[in-house]
Amino acid sequence: MAAVPPPSDGDEPDTVTFGIPALDERLRENEVTFPITADSPVSELDDPEIPCDPAGRSIRLSAAIDHADRHRFESRRDLLNALHPVFEDVRESSSVTGWLRRLLPI
């Protein structure tokens with residue numbers, strides 16, 4: 001997930017990376033090797049806040065892994081697949097639609 005912010009004075013627009021692509025970028029930059037236990041990426045990356053949407057909402061990596069309820073990840077793809085629903089839940093729960101769903105018993 002990435003969004004392009006409004007054009008600025010520069011020639012090339014900046015992109016804002018969030019969710020799984022933001023986490024993937026961190027994992028690649030820090031050359032995290034797999035398989036790993038749940039606490040390994042948290043300690044290797046210093047438990048970063050990972051942005052979940054273009055508005056800047058975020059979740060700590062440790063909280064995302066806790067929500068995934070997994071103790072081991074065999075590959076980078078395995079970790080990203082496990083955390084995808086967590087990022088989607090955070091993004092959805094902070095949207096107007098998510099707010100209305102919590103407010104109205106439908």
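Computed from a prediction, not measured in an experiment: that's the story for all the values here.
Summarising the geometry of Ala22 relative to Thr17, their closest heavy-atom pair is N-CG2, 3.3 Å, with the distance given to 0.1 Å. Across every non-hydrogen atom of Ala68 and Val86, the tightest pair is N-CG2, 3.9 Å. Between Cys52 and Phe87, the closest heavy-atom pair is SG-CD2, 3.6 Å. The shortest non-hydrogen separation linking Leu83 to Ala64 is CD2-O, 3.4 Å.
Atom OG in Ser40 sits 9.0 Å away from atom CZ in Arg72 (nearest 0.5 Å). Atoms CG and CG, from Leu61 and Asp46 in turn, are 10.5 Å apart once rounded to the nearest 0.5 Å.
A salt bridge is absent between Arg26 and Glu29; no separation between the charged side-chain nitrogens and carboxylate oxygens falls under 4.0 Å.
Within the 4.5 Å cutoff, no side-chain heavy atoms of Asp39 are placed close to those of Ser43. Contact of the Pro51 side chain with the Arg57 side chain is not registered, since no non-hydrogen atoms from C-beta on lie closer than 4.5 Å. Residues Leu79 and Val32 form no side-chain contact, since every pair of their non-hydrogen atoms from C-beta on lies 4.5 Å or further apart. At a threshold of 4.5 Å between non-hydrogen side-chain atoms, the residues Ile59 and Glu49 do not count as touching.
Remark: Asp78 pairs with Arg70, Phe73, Glu74, Ser75 by the side chain to side chain contact (heavy atoms under 4.5 Å, CB included) rule, at least two apart or across chains. Contacts of Ser62 classified as side chain to side chain contact (heavy atoms under 4.5 Å, CB included), with partners at least two apart in sequence or in another chain: Val42, Asp47, Arg60.
Looking at Asp53, its side chain does come within 3.5 Å of a backbone N or O of Ala55 through a donor-acceptor pair. With hydrogens and angles ignored, the 3.5 Å screen pairs no side-chain donor or acceptor of Asp24 with any backbone N or O of Ile20.
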Under the criterion side-chain contact (heavy atoms from CB on, under 4.5 Å), I'd like the reasoning laid out for Phe18 against Ile50: C-alpha separation, chi angles, the key distance, then a yes or no. CA-CA 7 Å; Phe18 55 91; Ile50 305 295; over 6 Å; no
